[in-house]
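Read the structure below first, then the notes.
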Amino acid sequence: MADDKALTPRSEDFSAWYNEVVLRAELADYSPVRGSMVIRPWGYAIWENMQRALDDMFKATGHENAYFPLLIPMSFIEREKEHVEGFKPELAVVTHAGGKELEEHLVIRPTSETVIYSMYAKWVQSYRDLPVLMNQWANVMRWELRTRLFLRTSEFLWQEGHTAHATEAEAEEETLLILDIYRRFMEEWIAMPPVTGLKSESERFAGAVRTYGLEAMMQDRKALQAGTSHMLGQNFSRQFGLTFQSEEGQEEYAWNTSWGVSTRLIGGLVMSHGDDRGIVVPPKLAPAQVVMLPIFRSDDDREAVFGACNRVAGALSEAGVRVRLDDRTHLSPGARFWEWERKGVPFRVEIGPKDLEKGQVVVARRVHGEGEDRKMFLPESEAIGRMPGLLDELQAHLLETARTRRERDSVRGGVESVEALGEALDDGAGFVYTGWSGDPAVEERVKEVTKATLRVIPSEEFRSGSAPERCLGGEPSKMEVVWARAY
RNA sequence: CGGGGCGUGGCGCAGUCCGGUAGCGCACCUGCUUUGGGAGCAGGGGGUCGCCAGUUCGAAUCUGGCCGCCCCGACCA
């Protein structure tokens, strides 16, 4: 870009835009170790808001937090066959400690099923000890060759829930409950409406019986797997001796579930709502929902302007709005406008000498509709009174916009061959709904020809009005599926 | 792991071909003037030129080795 103050426009190079906006909104930065990142205060505050909301939802449904260790004995990972095969290529292993090679190498957790279920085995004796409903907030490590800030780094932060149940039906119910919590969280908080459903065999979590996923469509129409919820069956309980005595006195294996979302959600937030000026943080997650921006010419103005700013900030805070006062005087107003827009703060309240004269304040919106003015000139009390409503409206607007975009860029029906799928994707389709026979060979061929993967077998409410008759290979369709190129 | 590119103040780069006291823009610091959409002027600080060895009176520049990073293709929350 000739003007290095501006971001590369999304239309020119989405991927360059993403990298720039993450760095320049001060969400994160590269660290000295390839593939790991530093999450900066602005980014971490968004994560903390996400954590709080999700944590409340987990607690409200009876889950408790705990913490399990970072290091896992290699032999644990190796216990479940599919699990080890899935994770082996991504493991980071501690081989030396205390100046000596360790007798048993330790894996830095890529996920914690193995340790957690080995502990559950110790704690659970009877059906009366079930269900066990735990969650942990932790970092995990999966060695990656190609990394991108938030979307794919070797180390990332997440939550992983792990539960144990007496019956298959209860475990299945738990898996779907969490899927619904994730879905509500993504819609209501991130304003990022996913398509939910079942993953195909090839995309299933290593060691699970079934994996459910949530797929969100980014502005470049690519799919982002935003969360997963796994029904683990008795695979892990058999390997770790997680048994209980049933009401009838029988020894039985418990049924497990595990589920997680990660800091990848921040990448999803950025790619869902960002524009060429920067990111847009949905009000419910914004570290600051309103920035107060004093503007003044002389020292005389200064006191009066700051007085008014503090007064308005106090009143907004009283009204439950998260406010931040930008009292930096060495930057011009323009410079400060751009900075907060880049960081995605929903509203700015500007107060200068002219406003004091007129008894008004300026409310500038980060996002405004066609024909809507960026700035509103309102009496102080009205600005304060209307702010909570404006925040709610923006939250709703972001969700609506994202949902409309998702459906606009989805193709339902009419695609009945692998070639047609490729053309649809090249023509700008994001999610393409087609029939599928259940044959993995079709997935392979689609991937080879179009680079798209089977994202999800959609839950009922996301399915098309009429079920497709043919699979892409021509054979009769057994189910509808969603294809997309994915992150 | 395969292909391509790059390592020079915090960031972006020039200088390397053709060896001769390290430079530009932005950022930073100080002062004054400024402040309603990325302020101006003046002064100033900061770099073992990725690392190691070699050639040379002299190396950012030439030679050899090593290391690291970024981008593009196969696996993944």
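All figures in this text were calculated on a predicted structure; none of them were measured in a lab. By convention in this document, chain letters (A, B, ...) are assigned in the order of the sequence lines, proteins followed by strands, and residues within each chain are numbered from 1.
- Figure legend. B:rG38 is base-paired to no nucleotide; pairs are counted as Watson-Crick or G-U wobble with both atom distances under 3.5 Å.
- Residue side chain A:Trp158 fails the stacking definition with respect to B:rA77, as its ring centre and the base's six-membered ring centre are not both under 5.5 angstrom apart and under 30 degrees in plane angle.
- Stacking here means ring centres nearer than 5.5 Å and ring planes tilted less than 30 degrees, and by that measure A:Phe337 does not stack onto B:rG37.
- Evaluated for a side-chain hydrogen bond (donor to acceptor under 3.5 Å, both in side chains) with A:Arg52, the options A:Asp55, A:Asp56, A:Asn49 yield exactly one hit, A:Asn49.
- Rounded to an integer number of Å, the gap from A:His330 NE2 to B:rU34 P is 19 Å.
- Under the Watson-Crick or G-U wobble criterion, with both distances below 3.5 Å, B:rG73 is paired with B:rC1.
- Only the C1' atoms considered, B:rG19 is 45 Å distant from B:rA74, to the nearest whole Å.
- In this structure, the nucleotide among B:rG36, B:rA77, B:rG38 sitting nearest to the side chain of A:Arg342 is B:rG38.
- In this structure, A:Glu144 atom CD and B:rC71 atom P are separated by 14 Å, rounded to whole Å.
- With both ends at atom P, the span from B:rG10 to B:rG50 equals 13 Å, rounded to whole Å.
- Nucleic acid contact class of A:Arg374 (heavy atoms, under 4.0 Å, all strands): base.
- Using the six-membered ring where Trp is involved, A:Tyr117 and A:Tyr120 have ring planes that are perpendicular, over 60° apart on the 30 and 60° scheme.
- Nucleic acid contact class of A:Arg302 (heavy atoms, under 4.0 Å, all strands): none.
- Across the C1' atoms, B:rA14 and B:rC71 are found 22 Å apart, a figure rounded to whole Å.
- When distances run from any side-chain atom of A:Arg348 to the nucleotides B:rG37, B:rG36, B:rU35, the shortest one goes to B:rG37.
- Put simply, CZ on A:Arg264 is 12 Å from P on B:rC76, counting in whole angstrom units.
- Checking B:rA59 for Watson-Crick or G-U wobble geometry (two distances, each under 3.5 Å) identifies no partner in any strand.
- Each of B:rG37, B:rG36, B:rA77 was ranked by its minimum atom distance to the side chain of A:Phe156; first place goes to B:rA77.
- On the C1' atoms, B:rA53 is 29 Å away from B:rC13, given to the nearest whole Å.
- Rounded to whole Å, atom P of B:rC76 lies 18 Å from atom CZ of A:Arg148.
- The base of B:rC76 sits with one of its N or O atoms less than 3.5 Å from a complementary donor or acceptor on the side chain of A:Arg152.
- Across all strands shown, B:rG46 remains unpaired; no Watson-Crick or G-U wobble contact has both distances below 3.5 Å.
- Side-chain proximity of A:Glu341 to the nucleotides B:rA77, B:rG36, B:rG37 is greatest for B:rG37.
- Both distances falling under 3.5 Å, in either a Watson-Crick or a G-U wobble arrangement, occur for no nucleotide opposite B:rA27.
- Ring-plane geometry between A:Phe306 and A:Phe296 is classed as tilted, the angle between the planes lying from 30 to 60 degrees on a 0 to 90 degree scale.
- One C1' atom belongs to B:rA42, the other to B:rU63, and the distance between them is 47 Å to the nearest Å.
- Looking at A:Arg183 and A:Pro194, their side chains come closer than 4.5 Å, going by heavy atoms from C-beta outward.
- Side-chain to base pairing of A:Arg336 with B:rG36: no donor and acceptor N or O lie closer than 3.5 Å to each other.
- In this structure, B:rC17 forms no base pair with any nucleotide, since neither Watson-Crick nor G-U wobble geometry is met with both distances under 3.5 Å.
- A:Val261 comes within 4.0 angstrom of no nucleic acid atom, judged by non-hydrogen atoms across all strands.
- Counting any heavy atom pair closer than 4.0 Å across all strands shown, A:Ser202 reaches no nucleic acid atom.
- Using the Watson-Crick or G-U wobble rule with both distances under 3.5 Å, B:rC6 pairs with B:rG68.
- Figure legend: cation-pi geometry between A:Arg10 and A:Phe14 absent, as NZ or CZ is not positioned both under 6.0 Å from the six-membered ring centre and within 45° of its axis.
- Atom P of nucleotide B:rA77 and atom CD1 of A:Ile178 are separated by 18 Å, given to the nearest angstrom.
- Side-chain atoms of A:Lys375 stay outside donor-acceptor range of the base of B:rG36, with no qualifying N/O pair under 3.5 Å.
- Aromatic ring pairs are classed by plane angle as parallel below 30°, tilted from 30° to 60° and perpendicular above 60°; the pair A:Phe236 and A:His83 is perpendicular.
- Between the NZ atom of A:Lys199 and the C1' atom of B:rC76 there is a distance of 11 Å, rounded to whole Å.
- Both the sub-6.0 Å distance and the 45° axial angle are satisfied by A:Lys375 relative to the ring of A:Phe337.
- The base of B:rG38 lies outside donor-acceptor range of the side chain of A:Glu339, with no N or O pair under 3.5 Å.
- Atoms CD1 (A:Ile295) and P (B:rG37) sit 8 Å apart, rounded to a whole Å.
- Side-chain atoms of A:Arg277 lie closest to B:rG37 of the nucleotides B:rG37, B:rC75, B:rG36.
- Rounded to whole angstrom, the span from the CG atom of A:Asn19 across to the C1' atom of B:rC69 amounts to 14 Å.
- Between A:His230 and A:Phe205, the two ring planes are parallel [angle under 30°; tilted spans 30° to 60°].
- The same atom, P, is picked in B:rC66 and in B:rU56; the two are 24 Å apart, to the nearest Å.
- Between A:Gly352 and A:Arg204, the one whose closest nucleotide on RNA chain B sits nearer the 5' end is A:Gly352.
- A close approach under 4.0 Å does not occur between any side-chain nitrogen or oxygen of A:Lys451 and OP1 or OP2 of B:rC75.
- Here, B:rC41 and B:rG25 have their P atoms 12 Å apart, quoted to the whole Å.
- When the P atom is compared between B:rU48 and B:rC72, the two are found 33 Å apart, to the nearest whole Å.
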